[in-house]
Amino acid sequence: MIKNMIFDIGNVLVTFYPKAYFSQNFPDEIQCARICEEVFADEVWQLYDQGIYDKGDLSQIYKEKYPQDWQEISYVLEHWLSLMQLKEDTFAYVQAMKNQGYKIYLLSNISIDSAAYLKAAMPFFKVADGAVLSYEIKVNKPNRKIFEALFQRYQLQAQECIFFDDLPQNIAAANALGMHGIVFENMTQAAKEAADIIERERLC
């Protein structure tokens, strides 16, 4: 039976839409898209989430790599944390599942700076029974090692877990390990899929 609910953070528990957020600062749509692409789609950002680079490393690398856009990139690096806003409907679901007796865990590709900000600003870390964050173990999803770290740290059985993540490749990795993965599009859709899984497993 299902005992554990595992949640990604970005675009599941909090919003993460850089282009929409920074469009107010960079009204030129093409420029805004380019700046956000340079910052958030660069492999350097993945290494930042992985705990390989810190914020100082980002600044140095981006300044050298994108000198023509450095002023705008510098602004993004100073203000990007505030683009993450709580998804109230997801948090309400988390609370409801917790009240029903399910264990709640977080599994996210996230930097040390983002984690510190969210722990201070958001309520879900206080509700969660545990978390495995990429910067701590130097591994990002969809690498199976981050999932295995979650299982080992909290003594979880994969088949007893439902995992919510917005990226299909992360769900594919979770499914390959025996978890019940749901590609998160919105909370209504995800809750319906989770209810179907819970009912199916209950009847097995």
Side-chain angles (χ1 to χ4, degrees), residues 1-17 21 49 81-137 139-142 144 146-204:
M1 295 180 67
I2 301 300
K3 298 180 180 178
N4 312 295
M5 300 282 185
I6 320 297
F7 293 86
D8 177 33
I9 295 179
N11 286 333
V12 176
L13 283 163
V14 301
T15 58
F16 198 89
Y17 306 114
Y21 182 79
D49 278 346
L81 290 172
S82 58
L83 71 85
M84 295 183 289
Q85 300 295 316
L86 182 67
K87 293 174 74 72
E88 299 280 358
D89 56 348
T90 306
F91 183 59
Y93 178 79
V94 167
Q95 291 179 301
M97 294 298 99
K98 178 84 170 182
N99 291 338
Q100 290 180 34
Y102 294 97
K103 295 290 187 180
I104 305 296
Y105 298 96
L106 309 176
L107 184 67
S108 184
N109 292 351
I110 189 172
S111 68
I112 188 171
D113 301 304
S114 182
Y117 171 80
L118 294 175
K119 286 176 182 178
M122 302 293 172
F124 48 81
F125 272 97
K126 298 180 179 66
V127 173
D129 295 282
V132 170
L133 308 176
S134 59
Y135 82 89
E136 297 176 315
I137 63 171
V139 175
N140 284 344
K141 294 175 294 181
R144 65 180 291 144
I146 194 170
F147 296 95
E148 291 169 346
L150 179 75
F151 302 152
Q152 293 167 9
R153 182 177 296 182
Y154 299 108
Q155 298 300 299
L156 305 183
Q157 299 299 315
Q159 66 272 17
E160 296 176 348
C161 299
I162 294 178
F163 176 51
F164 303 87
D165 195 294
D166 63 310
L167 297 180
Q169 62 265 34
N170 294 340
I171 293 302
N175 289 338
L177 292 170
M179 301 174 80
H180 301 274
I182 294 174
V183 178
F184 187 97
E185 299 171 8
N186 58 70
M187 194 63 253
T188 300
Q189 158 264 330
K192 172 64 167 59
E193 291 189 35
D196 291 344
I197 292 169
I198 292 168
E199 179 64 13
R200 185 171 67 245
E201 292 299 299
R202 186 184 68 81
L203 295 174
C204 287

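- Using modelled atom types and a 3.5 Å distance limit, the side chains of Ser82 and Tyr21 yield a donor-acceptor pair.
- Atom CD1 in Ile198 sits 12.0 Å away from atom CG in Leu203 (nearest 0.5 Å).
- Minimum heavy-atom separation, Pro142 to Ala173: O-CB, 3.4 Å.
- Proximity of the aromatic rings of Phe124 and Phe7 is defined here by a centroid distance below 6.0 angstrom, and this criterion is not met.
- Within 6.0 Å of the NZ atom in Lys98, the count of heavy atoms belonging to other residues, nucleotides or ligands exceeds 12.
- Checked by atom type and distance alone, the side chain of Ser134 pairs as donor or acceptor with a backbone atom of Ile110 at under 3.5 Å.
- Leu13 CG to Met187 CE: the interatomic distance, rounded to the nearest 0.5 Å, is 9.0 Å.
- Atom CZ of Arg153 sits in a crowded spot, with more than 12 heavy atoms from other residues, nucleotides or ligands closer than 6.0 Å.
- When every heavy atom of Leu106 is checked against every heavy atom of Leu150, the shortest pair comes out as O-CD1, 4.4 Å.
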Pair Asp196-Lys192, salt bridge (Lys or Arg N to Asp or Glu O under 4.0 Å): steps then yes or no: CA-CA 6 Å; Asp196 291 344; Lys192 172 64 167 59; 2.8 Å; yes
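- Of all heavy-atom pairs spanning Val139 and Ile146, the tightest one is O-CD1, 3.3 Å.
- Across all their heavy atoms, Asp166 and Gly10 have their closest contact at OD1-O, 3.3 Å.
- At a threshold of 4.5 Å between non-hydrogen side-chain atoms, the residues Asp129 and Tyr154 do not count as touching.
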Steps toward side-chain contact (heavy atoms from CB on, under 4.5 Å) verdict (Asp8, Lys141): CA-CA 10 Å; Asp8 177 33; Lys141 294 175 294 181; 2.9 Å; yes
Chi angles and distances behind the side-chain contact (heavy atoms from CB on, under 4.5 Å) call for Ile182, Ile197: CA-CA 10 Å; Ile182 294 174; Ile197 292 169; 3.9 Å; yes
